[in-house]
Amino acid sequence: MAPTVSAERQDMGGIAYIHLDSKQALVTCGASGTILFFQEDQTEIKRVEASCALNCLAASPKGDVFVVGDSQYVKAYKLPSGEFSSVATRFNLPVRAVAFSPSGSTLAAAGDDDTIKVINLANEKVIRAVRTTPYTRGLAYDPDSTFLASAAADGHLQVWDIATGKPVLSRKRSTPKIDVASPGRCGLAWHPDGGSLLAVAGTENDILCLERLSWDEAFVLKGPHTGPVNIIAFSPNGLYMASAGRDKKVVVWDLTTKALVCEQLGEEPLTALVWRPEGNCLAGLTETGAPSCWREPVPSHKPSPSAALDTLDLAAPIRGRSTGDEPDGEDGASPENSMDDFIEDDVNGDFTSGVAGNKASAASFNQVRGCLPQPQGPLQPGSTPRGGPGSRRWLVYTLLGCISSTEAEGFNAVEVTFHDTSRSRKRIPILNDFYRFHLASLSDKGALYASNASPDSPAMVVYRPFEAWAPNSDWSLPLPEGESPVAVAAARSLLALATSTQTLRLFSPAGTQTNVISWAGPVVAVAAQEHLLAVIASEAVALSPGARLTWLGFTPDGMLATFDSQGVLRLRTPDFGGGWMPAFDSAAEQKNKETFWPVAVTQQALSCVICREHTPVPTVTPRPTMSRIALHVPVLGAAEATGPVEDQQLLLSATLSHVREAAGRSAGCSGGGAAESDVVQAETEADKPLLRLFQAALKANRLLRAYELATRLHLMRSLEGSLKLANHHQVPALAERITAVIDARLALEAAEMALAEEAAPSTPPGQSADEDDAEVVVEGHASSPGHRLAAEGPPHSHRVPLSTSTTNTFLSRHPNGESVSNAAAKKASTSGPTAGNPFAKRPAGNPVNPFARASKSQKL
């Protein structure tokens with residue numbers, strides 16, 4: 001006998017797969033108050049009559065019970081008998097959404113009340129009740145039982161920490177607004193692979209996929225739906241997603257390619273949709289209570305939606321990220337829009353088996369790799385997520401200033417503000433943004449904006465200078481169809497735009513297109529400062545295990561810095577071919593689950609906004625307050641007296657390596673003298689903690705360590721200071737070895753100067769030679785993978801001063817101001833008890849100081 005239901009009233013309902021007599025069966029409920037059990041071969045098994053309309057249904061993963069929500073109660077029924085079991089909980093107003101935990105031991109329920117309840121079904125006690133926005137229209141339990149997602153009729157999206165009952169995400173106007181008198185729902189679903197993604201119905205007839213923990217937008221599925229999305233359901237293995245909308249369409253998505261598999265158009269919207277746990281089938285329930293079945297929604301040439309992933313051949317790389325512009329169907333094929341294969345059961349209807357009408361050309365089975373999105377989606381440092389219509393967000397927030405955007409009817413209001421108000425002579429007017437920019441970058445000269453394509457305009461890139469001496473200095477350019485911006489960066493001398501086609505476009509501030517580069521992989525983030533540009537592609541930087549890049553920037557000295565979702569800050573150093581030094585870990589600084597939102601970093605401190613647990617990103621109003629937190633390298637034995645000094649020494653040593661590399665790039669160019677001065681200053685700062693560690697080693701009688709620290713000193717006056725300390729502590733053996741190091745450095749220095757003099761052109765008459773101008777050329781300097789440093793001068797040939805050579809040689813002067821001559825150095829190395837061997841042992845008890853004749857005011 002075919003199941004029959006009333007089709008007179010439009011309202012909510014529910015459907016679920018259950019096991020009856022070791023076979024798959026379906027159970028439904030609806031406005032008629034009837035709970036209907038039937039087999040997939042159209043045979044009705046039984047029905048249970050209720051006294052009022054039933055709005056929602058969920059079956060326990062254990063298979064022993066299912067629940068329904070009515071005008072006030074959540075009622076439990078036993079399986080397989082279908083007998084009433086108990087009242088799980090009670091509300092004052094109708095219940096609209098129920099969801100089981102993955103274990104089936106607890107149940108979440110909500111509705112028109114302003115409360116969400118989590119119930120222990122074993123004893124029917126409410127273990128958690130949280131206040132929320134009234135009229136909840138969607139609930140989804142995290143597969144790891146950590147979070148519970150809810151969506152209300154006014155578009156308020158929240159994610160709750162079940163253990164604490166506090167929201168970890170709260171965004172208003174994030175989901176479609178629903179008339180509370182209508183049967184509409186808010187689509188919500190977690191990816192079955194540990195809840196790595198939360199899929200929610202978007203406000204633009206799309207589906208937003210948010211990353212777990214960061215809650216950033218991983219990708220957007222957009223295209224077929226012309227109305228709000230009502231329901232979202234992931235396939236059992238997570239390879240596919242099904243969505244049903246108010247436009248009466250049911251759409252199946254391939255999550256590996258972010259592309260449409262097929263779609264079907266029905267006669268009325270669905271109020272419930274579920275995948276068959278085993279097999280290839282979708283079951284739905286219309287708002288009039290009619291069950292429906294779509295057999296084989298996934299074509300046979302593609303992996304089954306219920307197949308175990310470890311049994312599939314998933315070897316080929318994942319395709320690029322979805323931009324919402326993919327063709328309808330695979331390989332550009334257009335799926336069937338008829339409902340022939342999605343047959344509804346009306347009062348006289350029958351279930352009919354069919355084949356999905358997707359006529360897409362057969363694609364190779366090996367093109368599918370897995371169900372997860374790309375390891376890292378595009379990132380715009382300093383920006384906050386879009387909140388919805390009427391909301392305010394930061395397009396960019398930096399130490400220089402910030403750009404905020406407020407959504408209005410038909411346009412966005414964009415405001416630029418500098419933290420130092422004296423920087424701009426006049427207030428920058430608010431920009432009425434009709435392109436609806438979603439990316440922005442700020443420099444001291446102007447702001448770079450980018451927007452996605454819309455029905456009225458193509459994707460755009462726009463630059464607006466703050467103060468220009470010439471008219472028409474601002475400019476805008478459209479992007480080709482199918483190419484959308486993913487990241488932007490602005491500096492004083494360059495502008496960068498990364499796009500979805502893995503293209504990097506470079507501009508001058510005047511609008512000249514200076515370069516177009518095809519990148520080897522999807523660009524994750526870009527950052528610019530002065531003449532430096534960093535481009536990060538997938539897996540190009542060091543990150544914590546399982547973490548994602550959340551911020552990218554430069555220190556004032558041009559050292560590249562990253563911050564990941566685990567709260568670890570790293571600095572890029574030239575050491576070991578380009579390594580990443582961990583310089584800050586928020587786990588050691590957190591209090592009450594705070595979040596550190598990075599703004600800028602120096603060599604000594606992180607400037608950030610400390611956000612509370614329920615607001616992980618700063619708000620525009622009230623204005624965020626920045627905090628400075630000292631950097632700390634995770635050295636071993638940090639609790640010991642020398643631990644903080646070793647920490648400081650590592651940071652200063654990394655800074656010195658970077659300054660030397662920068663000086664090598666600028667050698668021979670204008671400003672090279674300033675770069676050498678920066679090197680000397682960095683060497684001076686790096687020597688200070690080394691001397692403190694040297695003195696601590698002397699006091700602890702650890703002479704071998706003291707000698708090793710002395711050999712790492714960079715300046716001659718620092719070596720002289722270590723020699724004086726060794727004499728003061730009466731350690732003649734150590735003093736002798738330090739003296740040998742000094743002699744060796746002087747001899748090596750003199751030899752290098754002699755080579756430089758031979759290679760240098762003859763000195764013009766009237767001009768004296770100066771050893772500070774001596775240089776060597778290092779060929780084949782290469783940047784580290786994952787970013788490019790734009791330097792002046794020809795590529796692969798950078799002039800490096802002797803003071804920055806890898807041999808750690810140093811230039812010095814005698815007290816009379818004359819250079820250390822080659823002859824003097826030669827004489828020093830060929831006379832005395834150590835002639836011919838600068839490392840020979842000196843006579844005991846005679847810790848000679850070769851600088852004894854130098855005055856105390858000696859300048860090096």
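Computed from a predicted model, the values in this text were never measured in an experiment.
In this structure, the side chain of T642 does not engage the main chain of V645 through any donor-acceptor pair within 3.5 Å. A side-chain donor-acceptor contact under 3.5 Å links S493 to the backbone of E530. Side-chain atoms of S718 never come within 3.5 Å of backbone atoms of H714 as a donor-acceptor pair (strictly under, hydrogens ignored). D687 contributes a side-chain N or O that, together with a main-chain N or O of L715, makes up a donor-acceptor pair within less than 3.5 Å. In this structure a side-chain-to-backbone donor-acceptor pair under 3.5 Å is missing from Q649 to A686.
By the 4.5 Å heavy-atom criterion applied to side chains, L719 and M716 are counted as neighbours. With a 4.5 Å cut-off on side-chain heavy atoms, V601 and L631 count as touching. When side chains are defined from C-beta on, L497 counts as touching F507, because their heavy atoms get closer than 4.5 Å. Within the 4.5 Å cutoff, side-chain heavy atoms of L400 are placed close to those of F418. Looking at L552 and L560, their side chains come closer than 4.5 Å, going by heavy atoms from C-beta outward. The shortest side-chain heavy-atom distance between L652 and L690 does not fall under the 4.5 Å cut-off. Side chains of K445 and Y463 form a contact here, defined as non-hydrogen atoms less than 4.5 Å apart. Considering only heavy atoms from C-beta on, S653 stays 4.5 Å or farther from T655 through its side chain.
In this view, D444 and R492 satisfy the salt bridge (Lys or Arg N to Asp or Glu O under 4.0 Å) rule, not counting sequence neighbours. Remark: A706 pairs with F694, A697, L698, L734 by the side chain to side chain contact (heavy atoms under 4.5 Å, CB included) rule, at least two apart or across chains. For L399, the side chain to side chain contact (heavy atoms under 4.5 Å, CB included) partners are A600, S607, M626, not counting sequence neighbours. W551 is linked by a ring pair (Phe, Tyr, Trp, His ring centres under 6.0 Å) to nothing, counting only residues two or more places apart in sequence or in another chain. Scored by the ring pair (Phe, Tyr, Trp, His ring centres under 6.0 Å) test, F563 finds no partners at all (sequence neighbours excluded). Here H419 pairs with Y397 under the ring pair (Phe, Tyr, Trp, His ring centres under 6.0 Å) rule; sequence neighbours left out. For T555, the side chain to side chain donor-acceptor pair (under 3.5 Å) partners two or more places apart in sequence, or in a different chain, are Q603. Scanning for side chain to side chain donor-acceptor pair (under 3.5 Å) contacts around H658 gives an empty result, with sequence neighbours left out. Contacts of E589 classified as salt bridge (Lys or Arg N to Asp or Glu O under 4.0 Å), with partners at least two apart in sequence or in another chain: none. Take Q590 and apply the side chain to side chain contact (heavy atoms under 4.5 Å, CB included) test, not counting sequence neighbours, and it matches S586, F596.
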Salt bridge (charged side-chain N to carboxylate O under 4.0 Å, His left out) assessment of R660 paired with E676: CA-CA 8 Å; R660 282 177 170 172; E676 291 187 15; over 6 Å; no

L606 vs R628, side-chain contact (heavy atoms from CB on, under 4.5 Å): CA-CA, chis, key distance, verdict: CA-CA 5 Å; L606 169 68; R628 284 176 57 86; over 6 Å; no

Test log, rule side-chain contact (heavy atoms from CB on, under 4.5 Å), inputs L709 and T711: CA-CA 5 Å; L709 289 167; T711 61; over 6 Å; no

Criterion side-chain contact (heavy atoms from CB on, under 4.5 Å) on V526 and I536, from CA distance to verdict: CA-CA 6 Å; V526 293; I536 303 298; over 6 Å; no

Criterion side-chain contact (heavy atoms from CB on, under 4.5 Å) on V396 and C402, from CA distance to verdict: CA-CA 6 Å; V396 64; C402 51; 5.9 Å; no

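No more than 12 heavy-atom neighbours from other residues, nucleotides or ligands sit within 6.0 angstrom of CZ on R702.
Of the charged side-chain nitrogens involved, none lies within less than 4.0 Å of a carboxylate oxygen, so that R745 and E752 do not count as a salt-bridged pair. At a threshold of 4.0 Å, the pair E683-R717 does not count as salt-bridged, since none of the basic side-chain nitrogens sits closer than that to a carboxylate oxygen.
We find the CZ-CG distance between R737 and L703 to be 9.5 Å, quoted to the nearest 0.5 Å. The CG atom of D678 sits 7.0 Å away from the CG atom of D557 when rounded to the nearest 0.5 Å. Here E736 contributes atom CD and I738 contributes atom CD1; the two are 11.0 Å apart, rounded to the nearest 0.5 Å. Rounding to the nearest 0.5 angstrom, the gap separating the CG atom in L723 from the CG atom in L713 is 11.5 Å. One distance of note links CG of L571 with CZ of F554; it measures 12.0 Å at 0.5 Å rounding. Distance check: M559 CE to T602 OG1 gives 10.5 Å after rounding to the nearest 0.5 Å.
Sorted by first and then second residue, the pairs that involve residues 558-570 and meet side chain to side chain donor-acceptor pair (under 3.5 Å), not counting sequence neighbours, are S544-D564, S544-R570, D564-R570. Residue pairs meeting the salt bridge (Lys or Arg N to Asp or Glu O under 4.0 Å) criterion with at least one member in residues 688-697, sequence neighbours excluded: E685-K688.
Scanning both residues, A630 and F584, for their nearest heavy atoms gives O-CD1, 4.0 Å. In terms of heavy-atom proximity, I403 sits nearest to A440 at CD1-CB, 4.1 Å. The shortest non-hydrogen separation linking L379 to P381 is O-CD, 3.6 Å. Of all heavy-atom pairs spanning A528 and A491, the tightest one is CB-CB, 3.7 Å. Minimum heavy-atom separation, S508 to L495: O-CD1, 3.7 Å. Here the shortest heavy-atom pairing between I629 and C608 reads CD1-SG, 3.8 Å.
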